[in-house]
Trainee: 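There's a structure below that I have some questions on.
Throughout, numbering of the chain's residues begins at 1 and tracks the sequence.
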Amino acid sequence: QVQLVESGGGLVQAGGSLRLSCVDSGRTASTRTIGWFRQAPGKEHEFVAAIRWTGESTSYADSVKGRFTISRDNAKNTVYLQMNSLKPEDTAVYYCTARKGSLLKTTFSDYDYWGQGTQVTVSS
């Protein structure tokens with residue numbers, strides 16, 4: 001059983017920072033690729049970032065490159081998304097997702113598990 005639990009969302013002013021956390025409580029958590037997606041009202045899930053289980057390979061959406069950083073601590077079964085220089089257009093529900101294998105997929109349906117989401121709101 002894989003359970004992903006996100007935390008760290010909230011309300012922040014434009015230019016501010018937040019760090020999201022995702023705890024993967026399933027067995028063999030450290031062998032899964034983790035992705036972060038976001039969904040704004042009325043829109044599809046949008047890829048944000050992904051990290052391979054070894055942590056040495058990452059992928060980012062162009063819209064967040066240079067502002068967001070994904071990292072993982074396999075000893076804690078936790079993946080982080082550090083978000084800096086936040087913009088109002090970053091406002092969305094952010095989902096942590098997981099998939100078996102090492103490919104850094106950027107489509108939500110390519111992931112096998114996902115959490116309940118955490119709301120991020122950036123005010124202008």
Side-chain angles (χ1 to χ4, degrees):
Q1 186 78 12
V2 176
Q3 185 175 15
L4 303 173
V5 180
E6 306 99 332
S7 62
L11 173 64
V12 65
Q13 288 188 332
S17 299
L18 284 174
R19 188 177 80 158
L20 305 184
S21 299
C22 172
V23 178
D24 182 345
S25 62
R27 292 173 55 213
T28 66
S30 62
T31 65
R32 284 188 277 276
T33 292
I34 298 294
W36 284 98
F37 287 79
R38 64 188 182 188
Q39 187 175 33
K43 295 191 175 181
E44 298 290 323
H45 288 95
E46 177 190 12
F47 172 73
V48 176
I51 187 167
R52 193 166 288 166
W53 69 272
T54 55
E56 92 291 355
S57 185
T58 59
S59 177
Y60 294 93
D62 288 342
S63 59
V64 307
K65 275 181 184 175
R67 299 189 298 121
F68 291 10
T69 303
I70 189 170
S71 61
R72 68 189 300 162
D73 183 341
N74 284 342
K76 296 181 179 180
N77 288 352
T78 301
V79 172
Y80 304 98
L81 185 68
Q82 178 67 43
M83 306 186 296
N84 299 328
S85 302
L86 283 161
K87 305 175 181 180
E89 51 263 44
D90 294 318
T91 295
V93 177
Y94 283 70
Y95 294 92
C96 172
T97 63
R99 65 181 306 278
K100 305 164 192 173
S102 60
L103 293 179
L104 299 175
K105 296 288 190 176
T106 60
T107 302
F108 189 78
S109 59
D110 284 326
Y111 287 78
D112 306 302
Y113 311 97
W114 52 91
Q116 82 288 350
T118 185
Q119 176 71 47
V120 170
T121 303
V122 184
S123 63
S124 58

Trainee: Could you report the tightest heavy-atom contact between Val120 and Gly9, atom names first, then the distance?
Mentor: CG2-CA, 4.2 Å
Trainee: Measure the CZ-NE2 distance between Arg38 and His45 for me, rounded to the nearest 0.5 Å.
Mentor: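 Between Arg38 CZ and His45 NE2, I get 12.5 Å after rounding to 0.5 Å.
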Trainee: Below 4.5 Å, heavy atoms only, C-beta onward: do Trp36 and Ile51 meet side chain to side chain?
Mentor: no
Trainee: What's the shortest heavy-atom distance between Ser102 and Arg52, and which atoms?
Mentor: O-NE, 2.8 Å
Trainee: Nearest 0.5 angstrom please: Thr69 OG1 to Met83 CE, how far?
Mentor: 11.0 Å
Trainee: Run through Val79, Thr118, Ile70 and flag the one making a side chain to side chain contact (heavy atoms under 4.5 Å, CB included) with Leu20.
Mentor: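 Going through the options one by one, the only one that passes is Thr118.
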Trainee: Determine whether Val64 and Tyr80 fall in the same hydrophobic cluster, where Ile, Leu, Val, Met, Phe, Trp and Tyr are linked whenever their side-chain heavy atoms lie under 4.5 Å apart.
Mentor: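 No, because Val64 and Tyr80 fall into different hydrophobic clusters, even though each may have its own neighbours under 4.5 Å.
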Trainee: Closest heavy-atom contact between Gly117 and Val93?
Mentor: CA-CG1, 3.8 Å
Trainee: Which heavy-atom pair separates Tyr111 from Ile34 by the least distance, and what is that distance?
Mentor: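 The pair with the smallest heavy-atom distance is CE2-C, 4.2 Å.
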Trainee: State, yes or no, whether a side-chain contact exists between Leu104 and Thr106 at a heavy-atom distance under 4.5 Å.
Mentor: no
Trainee: Applying the ring-ring contact (aromatic ring centres under 6.0 Å, His included) test to Phe37, which of Tyr94, Tyr95, Phe108, Trp114 qualifies?
Mentor: Phe108
Trainee: For a quick test of reading the model, state the closest non-hydrogen atom pair linking Ala49 to Leu81 and the distance between them.
Mentor: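 Heavy atoms only, the tightest pair is CB-CD1, 4.2 Å.
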Trainee: For the pair Lys87 and Asp90, evaluate salt bridge (Lys or Arg N to Asp or Glu O under 4.0 Å) and give the outcome as yes or no after the intermediate values.
Mentor: CA-CA 5 Å; Lys87 305 175 181 180; Asp90 294 318; over 6 Å; no
Trainee: Any side-chain heavy atom of Ser63 within less than 4.5 Å of one from Glu89?
Mentor: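 Ser63 does not reach Glu89 side chain to side chain.
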Trainee: When rounded to the nearest 0.5 angstrom, what distance separates CZ in Arg19 from OG in Ser71?
Mentor: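 Separation between the atoms: 7.0 Å.
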Trainee: Quick one: does Arg99's side chain have a donor or acceptor within less than 3.5 Å of a partner on Asp110's backbone?
Mentor: yes
Trainee: Strictly distance-based, threshold 3.5 Å: is any side-chain N or O of Thr97 a donor or acceptor partner for the main-chain N or O of Gly35?
Mentor: yes
Trainee: What are the two closest heavy atoms between Ala40 and Thr91, and how far apart are they?
Mentor: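 For Ala40 versus Thr91, the nearest heavy atoms are CB-O, 3.9 Å.
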Trainee: Hey, is the main chain of Gly101 close enough, under 3.5 Å, to the side chain of Thr33 for a donor-acceptor pair?
Mentor: yes
Trainee: So, Glu6 side chain and Gln116 main chain: donor-acceptor pair closer than 3.5 Å or not?
Mentor: yes
Trainee: Quick one: which of Arg32, Lys76, Gln3, Arg72 gives a side chain to side chain donor-acceptor pair (under 3.5 Å) with Asp24?
Mentor: Arg32
Trainee: Has the side chain of Arg67 got a donor or acceptor atom that lies under 3.5 Å from a matching backbone atom of Ser85?
Mentor: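 Here the side-chain-to-backbone pair exists.
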